[in-house]
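Worksheet: one structure, shown below.
Only a predicted model underlies this, so the values are computations on that prediction, with no experimental measurement involved. Residue numbers count from 1 along this sequence. Side chains are part of it too, since the values below use all heavy atoms of this structure and drop only hydrogens, waters and symmetry mates.
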Amino acid sequence: MRQAPAAVHADRLPAWLQVILAGLFGLAHAAVLLRLSLVTAGDAFWQRPPGDLAMATMGAEALLRDGWHFPLSATALLSAGDPLPIVYTDSMPWLVLLLKALGLSAELVAPMGLCILLGFVLQPVAALALLRAVGIRRWEVLLAGIAFASFLPAWILRLHMHHLALASHWTLLLALALAVQAVRRGVSAAVIAGFAALGALVIGLHAYLWAMVAGIALGGLFADAARRPALGSVLRGGLGFGALLASSVLAAWLLGYRTENGAPTGFGFFSMNLLSPVVPQLSGLFGTLSAGPVADGILDATGGQYEGFNYLGLGILLLLAAAALHLARHGLRAAPGLWRAALPLGLVLFGCLLFALSNRILIGGFALPTIPLPRSLDGLVNQLRASGRFFWPLAYLLPVLALAVLARARHRQAVGAVLAGFVLLQAGDMARLDGMLRTTFRAPMPADVDPAPLRHVGLDGRTVTLHPPLACTRPGGWPLDFSQFAMATMRAGMRVEGGPVTRLTGGRSCESARRNALAGLQDRDGLHVFLAGQWPEALLLRAAAQGSCRGFEMGLVCGNPALIAGFAQPLPAPPPPLRPGVELSFAAGEGGIRLLGAGWSMPGPWGVRFTAAEAELVLPMPADREGPARLTLRMRGPTAPGRTVIVEAGGGEVARQAIAASDAITLTLPPEVVEDGLLALRFVVPQAGGGPMDDHQRELGLEAIRLEPH
């Protein structure tokens, strides 16, 4: 048999040295884009990290500051009840547990900063494993491969968005390496053990990554069954996948995952636009091309397709084109049975692509007909509602396969020069995203809230309850400085109840959370903090007059007068009563937000939308009003068919009407439904089949309200 040219199999450095060099590449990349001091707690950035990163930092620090509990990742500092696992704060629990076991304190090390550094180092190392798994040995091709994996726009954007645990893309590269190894060499005991270990590891990083790793494992572990269908190969694949599931379940039990984690919605909203991988977006060379609606530099036809940002970059696109041209000219020879062995993995990755697109496929601004899904799948697909992320495995595998094609070319120097050019173009295309990342980690957030009152000696060890809890806030209405307040509270030695925690509701409805909030006005043992703009202010201020409350930058703080003395601001003025004949708008920037209870979105250009099957308004009525009150509610609904809205007051139904397009509901209310000058209206939107309402898909809401003159 003719031997292949020696250059194709050139492997001049031992594998361990290649791993070290790849890690150094990642370390240098981190040093160029950020700064290595981010791993220390003393870096100024960690005083007030922004957005979701504040939540992750708070969870990690709470676990380090607290004693040991079971489950292992649980901390008593983030809950007034049972200790809360930090799997719900996206805080890299395995990493934090390791730091805790080593005795490292939150005053010494920044766990999320270490997460960033590990991501930069492990990304090229895992890419090297995948490149070697496909059979690449040329040093110049290996170098190009780890550069492309480190310069993927979707990965850098995820870091910029503060989703550090979710940015552990090196786990996807390792999963692909194991799967490719199984396809090329067979499903060995080492492959099975590798997937089992990876499953246990990833479940302690991020659930979305685990879902992708599990899918990749399914495709790799059944490679032998597809190559030579036989009972033994099927059983081996099933055993391997069972081992992954068993290790993952064990890890989930140790870490404290719960079966109850809220009822998210949004599948089809947080999807990938079909043009996203190929149309330049946030490009350092082209900006963003207008191939459809654009939001914040990203091709976005739903308002949520930033989750599906998957532009590959000019260098990778040219790499794929060069590989396709080479295949067209020279064809592709593969070992017997390789295509059959690769079929399960190929089907899984194709399924990931379809899931990323969701059942509402959008091509730029053009929408294909929605594909109906069985209602039984609603819960599953909405648990992974940010489906646009599922393109990531393909985004990493496609350039590696292209490099494997070009690595077989005879003209090694020419190929090396072309690859170097592609890498430089990819790096140039990343310039804008790199700049965004540098800006993100340059400095802490401004100090909008003074934490000094929290350091009162009498507050140490007490509980601060935040109202409403995150799960009951209006979409987009949880201000960044409220997360800062929660973190400052935890750092001051107090427990935080109702703080920024993803998904978990603890089985409490938002209505019960509202009742608990009002009861908290009489609590003298802890502090109760009420976020302005999230509760009907008229009701809250009326109730606050019965308790002891002070104003502060974000609303009200109530509790023992001696403990809240440091909050120096007076109570905000109550919203004025409705004026007869004057319409009050609920659009952004208008005064209607002060009257909204639970169940509404944040105000938009025309008003507020329903985000739940029940919503509430609390209206301050004129003090001199006598007799029945007549109200006109200007509503908005879908063009066709209309949606029924029920309005209740005083415990009884006062109106029921189907709302289509722009419509109005007129109410005539007896005086007895007004209590203490306040009129509480409850809206009920009956849901077909009992499914949850998704405000992103249903334009149903309230535009304005008018109290009619006598």
Side-chain angles (χ1 to χ4, degrees), residues 48 54 58 61-62 65-67 75-84 447-470 472-473 478-479 481-501 506 508 510-574 594 597-598 618 676 678:
R48 292 179 300 278
M58 188 172 75
E61 289 191 10
R65 295 173 188 273
D66 201 1
T75 171
L77 299 183
L78 298 183
S79 172
D82 294 334
L84 181 75
D448 294 330
V449 178
D450 182 9
L454 296 171
R455 293 193 282 268
H456 188 290
V457 65
L459 289 175
D460 188 40
R462 295 180 184 264
T463 298
V464 173
T465 305
L466 309 181
H467 303 288
L470 176 65
C472 300
T473 56
W478 185 274
D481 52 3
F482 206 63
S483 296
Q484 304 302 317
F485 182 84
M487 185 162 56
T489 298
M490 183 273 300
R491 287 174 171 173
M494 289 175 279
R495 293 188 178 194
V496 181
E497 171 65 28
V501 177
R508 298 183 298 273
C510 292
E511 182 61 29
S512 66
R514 152 95 185 278
R515 291 194 297 269
N516 293 340
L518 296 177
L521 291 167
Q522 307 303 321
D523 183 16
R524 293 296 181 269
D525 291 331
L527 296 188
H528 290 260
V529 175
F530 299 89
L531 176 60
Q534 288 288 351
W535 296 95
E537 289 188 34
L539 178 65
L540 190 60
L541 290 169
R542 183 66 57 87
Q546 305 170 11
S548 176
C549 301
R550 303 294 297 269
F552 79 120
E553 292 88 343
M554 293 175 297
L556 299 175
V557 56
C558 303
N560 188 316
L563 299 180
I564 64 172
F567 295 91
Q569 296 188 20
L571 295 178
R594 304 184 69 185
V618 178
D676 296 327
L678 300 177

Quiz item: Roughly how far, to the nearest 0.5 Å, is the CG atom of Leu531 from the CZ atom of Phe485?
Solution: 10.5 Å

Practice problem: Verify the neighbour count for atom CG of Asp82: are there more than 12 heavy atoms of other residues, nucleotides or ligands below 6.0 Å? | Solution: no

Quiz item: With under 30° as parallel and over 60° as perpendicular, where do the rings of His528 and His467 fit, or are they tilted in between?
Solution: parallel

Self-check item: Value rounded to 0.5 Å, distance of CE in Met487 from CZ in Arg48
Solution: 9.0 Å

Quiz item: Okay, side chain of Asp676, backbone of Leu678: is any donor-acceptor separation there less than 3.5 Å?
Solution: no

Exercise. May I ask you to test the Val529-Leu556 pair for a side-chain heavy-atom distance under 4.5 Å?
Key: no

Practice problem: Determine whether Glu553 and Asp450 make a side-chain contact, defined as any pair of heavy atoms from C-beta on separated by less than 4.5 Å. | Solution: yes

Self-check item: Close side-chain approach of Thr465 to Leu527, heavy-atom, < 4.5 Å
Solution: no

Practice problem: For Ser483 and Ala54, work out which heavy atoms get closest and say how close. | Solution: CB-CB, 3.9 Å

Quiz item: So, for Ala488 and Pro451, which heavy atoms are closest and what is the spacing to 0.1 Å?
Solution: CB-CB, 4.0 Å

Quiz item: CZ/Arg462 to CG/Leu454 distance, rounded to the nearest 0.5 angstrom?
Solution: 13.5 Å

Quiz item: Hey, does Leu77 have a side-chain heavy atom less than 4.5 Å from the side chain of Val496?
Solution: no

Quiz prompt | Candidate list Thr463, Thr489, Leu84, Asp66, test side-chain contact (heavy atoms from CB on, under 4.5 Å), partner Arg495, passing option | solution = Thr463

Quiz item: Do you know the tightest heavy-atom contact between Gly498 and Leu466?
Solution: O-CB, 4.0 Å

Self-check item: Which atom of Phe530 lies closest to which atom of Cys558, heavy atoms considered
Solution: CE1-SG, 3.7 Å

Exercise. Check whether any side-chain heavy atom of Ser548 sits under 4.5 Å from a side-chain heavy atom of Asn560, and report yes or no.
Key: no

Quiz item: So, the side chain of Arg550 versus the backbone of Val557: is there a donor-acceptor pair under 3.5 Å, distance only?
Solution: no

Quiz item: Are the side chains of Arg491 and Met58 in touch, meaning some heavy atoms are under 4.5 Å apart?
Solution: no

Quiz item: Do side-chain atoms of Glu497 reach the backbone of Ala80 as a donor and acceptor pair under 3.5 angstrom?
Solution: yes

